[in-house]
Amino acid sequence: MIIETREIQIINSFSRLESLKKVYGIVWMLGPILTLVLGIILGVLVIVWLEREISTGIQQRIGPEYAGPLGILQALADGTKLLFKDNLLPSRADTHLFGIGLSIAVLSIF
């Protein structure tokens, strides 16, 4: 029985797909994780925005609506301020342990 050239091409195309199986597996694993993280981040932004808008209505004051469209940039400005804020380090604290503790707290959230 002689295998035709067309059949060999089909067999070779399947072997190429086999080598990409791991890549597809990683993509299918990271896709839902990234979707979940993005959903959580957007949810937090919406909750912060709603809290600010409701607070301004209750307190009858100017709200965050002047920071970008509908005040969306206010949450980003607050996050940036928090990132670049000065770290307070107690005088007798171990600096490495203090940094590791902060990293553990942030990583456990994610």
Side-chain angles (χ1 to χ4, degrees):
M1 175 183 213
I2 299 174
I3 299 176
E4 294 181 17
T5 307
R6 179 82 174 142
E7 292 175 2
I8 293 174
Q9 289 175 346
I10 292 172
I11 291 171
N12 287 338
S13 68
F14 283 121
S15 67
R16 277 183 262 149
L17 289 177
E18 286 293 323
S19 65
L20 293 176
K21 245 184 192 179
K22 290 183 181 181
V23 175
Y24 292 140
I26 292 171
V27 168
W28 282 108
M29 183 176 59
L30 290 179
I33 293 171
L34 292 176
T35 304
L36 182 66
V37 169
L38 182 65
I40 290 171
I41 290 172
L42 288 176
V44 168
L45 286 174
V46 168
I47 289 171
V48 168
W49 179 75
L50 282 173
E51 185 267 333
R52 287 177 182 268
E53 289 293 320
I54 292 170
S55 296
T56 58
I58 291 172
Q59 299 170 3
Q60 296 179 350
R61 62 180 172 85
I62 295 174
E65 67 267 7
Y66 296 108
L70 298 173
I72 294 172
L73 295 178
Q74 186 66 44
L76 295 176
D78 289 341
T80 305
K81 182 181 85 172
L82 183 63
L83 281 175
F84 294 111
K85 199 169 155 179
D86 289 334
N87 290 333
L88 297 176
L89 184 65
S91 61
R92 298 176 65 193
D94 183 8
T95 57
H96 298 297
L97 191 59
F98 211 75
I100 291 171
L102 178 63
S103 300
I104 290 172
V106 170
L107 289 175
S108 66
I109 292 170
F110 284 116

Separation between CG (L107) and CD1 (I100), nearest 0.5 Å, reads 11.5 Å
First locate atom CG of L50, then atom CG of L45, and finally report the distance between them rounded to the nearest 0.5 Å.
11.0 Å
Transitive ILVMFWY side-chain link V46 to I54, under 4.5 Å:
no
Taking atom CG of L34 and atom CE of M29, what is their separation to the nearest 0.5 Å?
10.5 Å
dist T35:OG1 -> L30:CG (nearest 0.5 Å) comes out at 10.0 Å
